[in-house]
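Reading through the structure tokens given below for one structure.
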Amino acid sequence: MTFRHRHLLGIEPLHPAEISTILDLADRYVDLNQSTNKRSDALAGLTQINMFFENSTRTQASFELAGKRLGADVMNMAMQASSIKKGETLIDTALTLNAMHPDLLVVRHPQSGAVNLLAEKVNAAVLNAGDGRHEHPTQALLDALTIRREKGRLHRLTVAICGDIAHSRVARSNLILLGKMENRVRLVGPPTLMPAKIAEFGVEVFDDMKAGLEGADVVMMLRLQRERMDGGFIPSEREYFHRFGLDAEKLAYAKDDAIVMHPGPMNRGVEIDGTIADDINRSVIQEQVEMGVAVRMAAMDLLARNLREAQAARGVMV
Ligand code: NCD
């Protein structure tokens, strides 16, 4: 087995072989999830706590289901309702939970770097479910699994990531992963939504959708992250859709068999035309959700194996 990490905090520290290990195991969990009996005992006896300091529908549901299917005891902390409101710091909250001996901590936080900080303070294996604009590793892994299953490979593909790149942890984790696996990554969007120093990432940058989509194998659309914008980044939603929204006319520039992806939640009519999102011949958006559960099962399974190994090495009964 090639996966030697205590936590899953980002794609950055992963070796290509480790990415493949996660995806290979996830492929097996896709089969389990498609069968009537979806139960395995890979996480039996372990406690998983989901701490979401930011709203989430699919990511939280996906982690919860993944843990339950693997037999963990899963608890969702409603962080908005917890002591955070009373001014308790992130670290105090983490230490309090740590004293309850969780084995897996799934954390989403609005500040970049907050999850890494928390991981230094606890004994559990920490999974980053999205921190600010920094990373969202399980999203990039589920996107990679979707692409690999649809295209039959995860290398030498041209992937256009389009829209609000500057505020997107999904774009960041994806471009790191796709680069590690030797794909050609293009970022497409208005200059106001491109991060500074983006050229350092070895990507091509476009501010025109037709040029950016030309010959692409994969078209990945991103949500306009209004909650992270503090000024006028776009003229109007109508104008934005006209220039950067994915519709049939712009998609026609990509390869005939190009797939369309979106991590959700979608703003129909802003970054993507509803008919494209619903086109079962092009859109793999529902597959992405399906792959999400399998990838999270695989990631937690691998981290749990390392956890058990480390405990056995310390002579603790497991
Ligand atoms: C993304 C996120 O939260 O980073 N959503 C998700 O995890 N499925 C993208 C977004 O919020 O636009």
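Atoms within each ligand, like the ligands themselves, are counted from 1 in listed order. Positions are given from 1, in the same order as the sequence printed here.
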What distance do Asn50 atom CG and Ser56 atom OG have between them, rounded to the nearest 0.5 Å?
9.0 Å
Ligand 1 contacted by Gly130 (non-hydrogen, < 4.0 Å)
no
Check if Arg108 has a non-hydrogen atom at a distance under 4.0 Å from any atom of ligand 1.
yes
Sub-3.5 Å N/O-N/O distance, Pro265 and ligand 1:
no
Less than 3.5 Å between some nitrogen or oxygen of Val170 and one of ligand 1, yes or no?
no
List every atom of ligand 1 that sits less than 4.0 Å from any heavy atom of [X], numbering the atoms from 1 in the order shown and giving each element.
X	answer
His136	2 (C), 4 (O), 6 (C), 7 (O)
Pro263	8 (N)
Gln139	6 (C), 7 (O), 8 (N)
Thr59	6 (C), 7 (O), 8 (N)
Gly264	1 (C), 5 (N), 6 (C), 8 (N), 9 (C), 10 (C), 12 (O)
Arg58	8 (N)

Using only atom types and a distance under 3.5 Å, with no angle test, would you say the side chain of Asn306 pairs donor to acceptor with the backbone of Phe3?
yes
Report the nearest protein non-hydrogen atom to atom 3 (O) of ligand 1: residue, atom name, distance rounded to 0.1 Å.
Arg169 NH2, 2.9 Å
Which residue owns the protein heavy atom closest to atom 12 (O) of ligand 1, what's the atom, and how far is it?
Arg223 NE, 2.6 Å
Can you see whether Arg223 engages His262 through a side-chain donor-acceptor pair at a distance of less than 3.5 angstrom?
no
Donor on one side chain, acceptor on other, Asp143 and Gln139, under 3.5 Å:
yes
Decide, yes or no, whether a salt bridge links [X] with [Y] under the criterion of side-chain N to carboxylate O below 4.0 Å.
X	Y	value
Asp257	Lys151	yes
Arg186	Glu214	no
Asp247	Lys250	yes

Using the side-chain hydrogen bond (donor to acceptor under 3.5 Å, both in side chains) rule, collect all pairs that involve residues 293-303, keeping only residues at least two apart or in two chains.
Tyr29-Asp301, Ser62-Arg296, Thr138-Arg296, Asp301-Arg305
